[in-house]
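Counting convention: from 1, in listed order, for ligands and their atoms alike. This is a predicted model, so every value here is computed, not measured.
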Amino acid sequence: MSRKAFYITTPIYYVNDVPHIGHGYSTIIADVMARYKRFTGYDVLFLTGTDEHGQKVEKAALEKGLSPQEHSDRMVEPWQSLWAKLNISYDDFIRTTQERHIKVVQSIFEALYDKGDIYKGLYEGWYCVHEETFYPESQLVGGCCPECSREVEWLKEESYYFRTSKYQEALLAHINENPDFVQPDFRRNEVLSFMESGVQDISVSRTTFQWGIPVPFDSKHIIYVWFDALINYITGSGYLQDEEKYRKYWPADIHVIGKDIIRFHAVIWPIMLLALGVELPKKVLATGFWTLGGEKISKSKGIVVDPNQLIDEFGEDTIRYFLLREIGLGLDGEFTKDAVVRRINGDLANDLGNLVHRTVAMMMKYFEGAIPEAGEFNPIDADLKNEALSLAGAVEEAMGRIDIREALVRIWKVVGKANKYIDEAAPWALAREGQTERLETVMRTLLETIRIVALHLTPVMPKTAAHIWDQLGQEGFETLSFEDTKNWGGLASGTSVKKAPPLFPRIEIEEDK
Ligand code: ME8
C-alpha cells in the first residue's frame, strides 16, 4: 500500500536581502512538521524557496549595480546556507526565476484570461514597493503604508485585473464550511471580517518596470509579483509538469506563513485556485512575529538578529527549541538573548542534559556501561514507564493541532518526572547497599525512558536526538519511526551506553550587571 502523502510549504522569501531569525521561524515550523510527518510514516514533500521578481528585488539589484538575475543568483546562497545550518530538511527549493515556474505562471495567467477572469483596465492608486502591495486610499495610515509605514507611490498605468470579486461568495462558503482552513481561529475571524467589506478585483500586471514574468500575450506587461509568487506552491507540486506527482501531493496540507501575508494566502490564493477549478490547500497557518524591543524584527528597519551568529554561539538545535518552546503558535514573541540563555540553562542543561548525563555516568559507574535487564517493577517504576508510553498519544494530539510547543511541554514533563525518579529511587543508595537487582531495574527504566524521550525529540532537535541515541549505545537511528516510541523495551540487549560530554553546557550569566 502506498504511504499517505503530506505536502507542506514555507513562504518563499524575497531575495532583496539576507535572512533574519524571523524567516528562520516559519521555516523551522515547517521543517518540524515535515520531520514529524515523515517520522509517522507519511510520504512528505516539503517545499521552500525564494521570491525573486518584483520592484523591490529590482531596486535592490540596481543599488548594487547588478542585473536582477545576477543579484538573485547571488542572494539565493545566504538563504540556502542558513537552511543547511539550521538542518532544514526541505525536499525541493523553488526559485521563481526557474523555467518550470515561469511556464506554469504564464499558463495560469492565460487560462484565466481566456476564461474572462482576467481583463484589461487602468490602475490608478497607491502602491508600497516594500510590501509589493496595492492599497486603497482608505487603508493608508497617515498617508503611508499600513503594514510597514513607508511612503507609498502613486501609480497610474494600464493593468490587467483579476476578477477576484466573482469568487468571494464561494470562498466565504469554503471558509465557513472548513473551520480549519485558516488557523489559528483568531486569524480566520480577521479574514472573515476583511471579506465582509467586499473583495475588490485586483491589479495583476505592471508596465512601469521590467523585472517579472511577461504576460504571454502582451509583452508590455509583467505579471504582478504576488500573482507569480503564490503559484510557486502549485508549481512545486508538479502542476502542469508531472501529473503523477501533482495527483499525489496536491492539495497542500499546510501553507506556513507569517501573519503579515494572510490576506494573500487566505483570500487571493484560494480565489486564484477557485477560478482555475483546482482544489484549495487544506490549511493556511499564520505565525506571529518575533520582535526586538517591541518592534517586528525586520532587516530593512535595521532591527535584526543574525541567525548565523546565534547558531554559531548556541547551536542549531538550541535555536530551534527556543523558537518553538518560547511562544504559542500565532502569537508574537520578544527575542532576547537572556531568554535563550534561560532556556539553555533550565530546560536543556538542567533538565534534559542532566538527565542523560547523570544516567550515563551512573551506568558507567555501576555496570561499566552494559545495559541491564529489568526485574520486578515497583509502583514508581510503573509510573514512569506509563508516563513515558503515554507521551505518544499526547504528542500525536498536540502535533495534530500543530501545537509544537505543547508537544515540547509534554516531553519535558516526562524529563522532569525522570529526574525526580532518580532522586526517589536513589540508585547510589541501592549500589551502596548491594541491591543489584533493584539497581538494574531502576537503571533500565531510566534508559528506556530516555530512549523514548530521544525519539520524541527527533522532529524538533534532530541532532540532539541522534547524540542521545549514540550515548545510549544504540544503532540505526535513521530507520526509527514514531511507532518505536510506543514500545517499552526497545533498547537492544547486550548494548552498552557511551560516555560523552554534556549535551548542553550551562552558560554563565553575569548576574549583577
Ligand atoms: O512576504 N517574525 O517574503 P518575506 C516572524 N515573498 N516571522 C517573520 C518575521 C518576524 N519578525 N519577519 C519575516 C514575502 N517573517 C513574500 C512571500 S509567499 C508566496 C511570498 C517570516 O521575505 C514570515 O513568515 O518578506 C513572513 O510571512 C515571511 O517571513 C515573509 O518573508
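Note: F227 and F109 have perpendicular aromatic rings, judged against thresholds of 30 and 60 degrees for the angle between ring planes. Ring geometry for Y321 versus W412: interplanar angle of 30 to 60°, hence tilted.
The ring pair (Phe, Tyr, Trp, His ring centres under 6.0 Å) pairs that include a residue from residues 183-212 are H53-W211, where partners are two or more places apart or lie in different chains.
In terms of the salt bridge (Lys or Arg N to Asp or Glu O under 4.0 Å) criterion, E153 has no residue partners (sequence neighbours excluded).
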Less than 3.5 Å apart, N/O on ligand 1 and N/O on the protein: could you list those pairs with the distances?
residue	atom	partner	partner atom	Å
ligand 1	2 (N)	W290	N	2.8
ligand 1	6 (N)	I12	O	2.8
ligand 1	6 (N)	D51	OD2	2.7
ligand 1	7 (N)	G22	O	3.0
ligand 1	11 (N)	W290	O	3.1
ligand 1	11 (N)	I297	O	3.0
ligand 1	22 (O)	Y14	N	3.0
ligand 1	24 (O)	S26	OG	3.0
ligand 1	24 (O)	G258	N	3.0
ligand 1	27 (O)	G258	N	3.0
ligand 1	27 (O)	D260	OD1	2.9

Under 3.5 Å, which donor-acceptor pairs link side chains of residues 263-272 to any protein atom two or more places apart or in another chain?
residue	atom	partner	partner atom	Å
H265	ND1	I261	O	2.9
H265	NE2	Y233	OH	2.6
W269	NE1	H255	NE2	3.1

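Applying ring-ring contact (aromatic ring centres under 6.0 Å, His included) to H456 and the options F39, F482, Y36 leaves one that passes, F482.
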